[in-house]
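In what follows, chains carry the letters A, B, and so on, assigned in the order in which the sequence lines appear, proteins first and then strands, with residues in each chain numbered from 1.
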Protein chains: 2
Amino acid sequence: MENKHATLTAAMEDYLKAIYELQATTGTTTTTALATALNISAASATNMIKKLAELKLARHSPYRGVELTTAGEKIALEVVRHHRLIELFLHQALGIPWDEVHVEAHKLEHVLSDNLENHIADFLGDPTKDPHGDPIPSKAGIIADRERESLADGAPGARVTIQRVGAQDPARLRYLRELGIVPQARVNIVAHAPFEGPVRVRTEDGAEHALDRGLARQIWVAEKSRPKTRVHAPRKMIKGSRQ
Amino acid sequence: MENKHATLTAAMEDYLKAIYELQATTGTTTTTALATALNISAASATNMIKKLAELKLARHSPYRGVELTTAGEKIALEVVRHHRLIELFLHQALGIPWDEVHVEAHKLEHVLSDNLENHIADFLGDPTKDPHGDPIPSKAGIIADRERESLADGAPGARVTIQRVGAQDPARLRYLRELGIVPQARVNIVAHAPFEGPVRVRTEDGAEHALDRGLARQIWVAEKSRPKTRVHAPRKMIKGSRQ
DNA sequence: GTTAGAATTTAGCCAAGACTAAATTTTGAA
DNA sequence: TTCAAAATTTAGTCTTGGCTAAATTCTAAC
């Protein structure tokens, strides 16, 4: 009765998650964008979109795009929850660096049982953010709003707290980690070079760095230093968990 | 060049593992036994056996049975290593009880990357046994010999150390845990009832229990109290890890 | 308003891995 | 030794989820 989505395949879960994320970041989901995100052909995407529509998990406007239904979004959020819980668990429990957790979590997210999910969430103390600062949806499917301001938006002179790093590329993540630009770090925005030039920031250690504007746009910040929802400490620390 | 088995499907890995385990426990592997173990039809088993034979991972004697080649056994041992490392990790790191780890590990074993495998083995201190006492093959594919003596074989009066519990059924595992019959526990064999009757044993707490002969045959022991290869302590303890 | 090019869908194909039913081989009891 | 039952294999089918090529629809530049 309730297990209708116990029958969803890993491929379907991947599609739902991808549609959700495209919707969340770019507003709409076109067939081509979805195909690109999943690294498949557009024809394959159309095919699956029609299946998901039949299952009432998505709405398909032919030639226009896709949208998740409430049911589809619920499942997408479950997959996102799995993914981010696993990322945080691997980071906290095994000390796996933040640039490696995504690819591991992607493989594990579809085979995480409810039982194991609960054990992990419990172990981590019901965390609300993953190592990149992305919000972890609650068991009930509630997810925190996205930040509105990026490093590229902050006014020169502003003192901000890094909230979320949207970059996925491991090399860029390692670079940012190197600079100390990770969630909860404080940085000063020094200046924005003109003509879409780099953004200069000063990190806590006093060093100044110039970040590509495109990269800066993927780094989300909060102006105030009010203690926003943060990554909870795990029940017990296991290993020195550097990023 | 080396990644020829990066292309193996999860189904193939399951077959190789099942053939390996049937070979190890019962000596031979028939099509029907394999099909039963994997809960599929005999026709499906034949089909896959032929595929594995083409890949030189198994030898097929039509109507007689299957056997792994050296290459096939190597892969089977890798899968077994994954499975048992995951079982131990879930048990140690998350406190998941020993009767639940098998089903979780089965889902995770096929998506464990080399990187993650190494992190886990490192975290656990390169363990040699899983929570049931089953040996964990080394990275190189070396696996400890099986015990020769079960609780059903031990002479009355013998003082033995539990080495390995072969039962898989969660209910039975919970029962044995209840009695304190877990790897490394010491028990005295009191008597064997005639006509294949129960085996009476006394556990360390002084209580006496009667075990079904079939169950006793799945509990492997060592007579001497020499410290056999044991489950290594993890690098750091995380949670009280009860069975 | 046409119309070329981009985006999308349709049509048809393929491989994996399951199934059932039918054919074949092996085995063990009489 | 024979032969029926059990075990195994063969033949043919199905579903999933990819693919390419061709057809269709949308869109933006003229």
Side-chain angles (χ1 to χ4, degrees), chain A residues 4-19 22-23 26-68 72 75-76 79 106-107 109-111, chain B residues 4-19 22-23 26-68 72 75-76 79 106-107 109-111:
Chain A
K4 85 176 157 280
H5 73 82
T7 72
L8 290 185
T9 62
M12 287 174 180
E13 290 185 356
D14 266 337
Y15 275 92
L16 291 172
K17 185 174 78 147
I19 296 170
L22 283 170
Q23 224 164 246
T26 70
T28 59
T29 310
T30 64
T31 301
T32 303
L34 184 56
T36 303
L38 292 171
N39 201 28
I40 52 166
S41 70
S44 299
T46 300
N47 209 44
M48 182 61 91
I49 287 169
K50 294 205 295 186
K51 269 187 215 165
L52 294 175
E54 261 171 41
L55 293 172
K56 307 281 192 203
L57 298 174
R59 268 180 298 274
H60 185 204
S61 319
Y63 296 100
R64 303 338 291 284
V66 224
E67 233 187 5
L68 293 183
I75 293 169
V79 180
H106 179 70
K107 285 180 277 190
E109 66 192 8
H110 303 297
V111 293
Chain B
K4 88 174 155 280
H5 73 79
T7 72
L8 290 185
T9 62
M12 287 174 179
E13 289 185 356
D14 266 337
Y15 275 91
L16 291 172
K17 186 174 78 145
I19 296 170
L22 283 169
Q23 225 163 244
T26 69
T28 58
T29 309
T30 64
T31 301
T32 304
L34 184 56
T36 304
L38 292 172
N39 201 27
I40 52 166
S41 71
S44 300
T46 299
N47 209 45
M48 183 60 92
I49 287 169
K50 294 204 296 187
K51 268 186 217 165
L52 294 174
E54 259 170 42
L55 293 172
K56 307 279 191 203
L57 299 173
R59 268 180 298 272
H60 186 204
S61 321
Y63 295 100
R64 305 338 289 284
V66 225
E67 234 186 6
L68 293 181
I75 294 168
V79 181
H106 180 70
K107 285 180 276 189
E109 66 192 8
H110 302 297
V111 293

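Under the rule for a side chain to side chain donor-acceptor pair (under 3.5 Å), the partners of B/His110 that lie at least two apart in sequence or sit in another chain are B/Glu13, B/Asp14. Considering only residues two or more places apart in sequence or on other chains, B/Ala37 meets the side-chain contact (heavy atoms from CB on, under 4.5 Å) condition with B/Leu22.
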Under 3.5 Å donor-acceptor pairs involving side-chain atoms of residues 50-61 of chain A, not counting sequence neighbours:
residue	atom	partner	partner atom	Å
A/Arg59	NE	A/Glu67	OE1	3.3
A/Arg59	NH2	A/Leu68	O	3.4

Report, one line per pair, each donor and acceptor closer than 3.5 Å where one atom sits in a side chain of residues 38-47 of chain A; sequence neighbours left out.
residue	atom	partner	partner atom	Å
A/Ser41	OG	A/Ser44	N	3.2
A/Ser41	OG	A/Ser44	OG	2.9
A/Thr46	OG1	A/Ala42	O	3.2

Seminar exercise, completed: Its contact letters, B for base, S for sugar-phosphate only and - for none at protein heavy atoms under 4.0 Å, make nucleotides 24-29 of chain C read BSSS--
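Atom C1' of nucleotide C/dG17 and atom CG of B/Leu34 are separated by 14 Å, given to the nearest angstrom. Here D/dG17 presents its C1' atom at 15 Å from CD of A/Glu54, a figure rounded to the nearest Å.
The phosphate of C/dT9 has OP1 or OP2 within less than 4.0 Å of a side-chain N or O from A/Thr31.
Minimum interatomic distance between A/Val111 and A/Lys107 (heavy atoms only, all atoms of both residues): CG2-O, 4.3 Å. For the pair A/Ile19 and A/Thr29, the tightest heavy-atom approach, listed with the atom from each and the gap, is O-OG1, 3.5 Å.
The line from CG of B/Leu34 to CD1 of B/Ile49 is 5.0 Å long, rounded to the nearest 0.5 Å.
Between A/Thr9 and B/Ser61, the residue anchored closer to the 5' end of DNA chain D is B/Ser61, taking for each the nucleotide with the nearest heavy atom.
Near DNA chain C, meaning a heavy atom under 4.0 Å from it, residues 39-52 of chain B has B/Ile40, B/Ser41, B/Ala43, B/Ser44, B/Met48, B/Lys51 in order of number.
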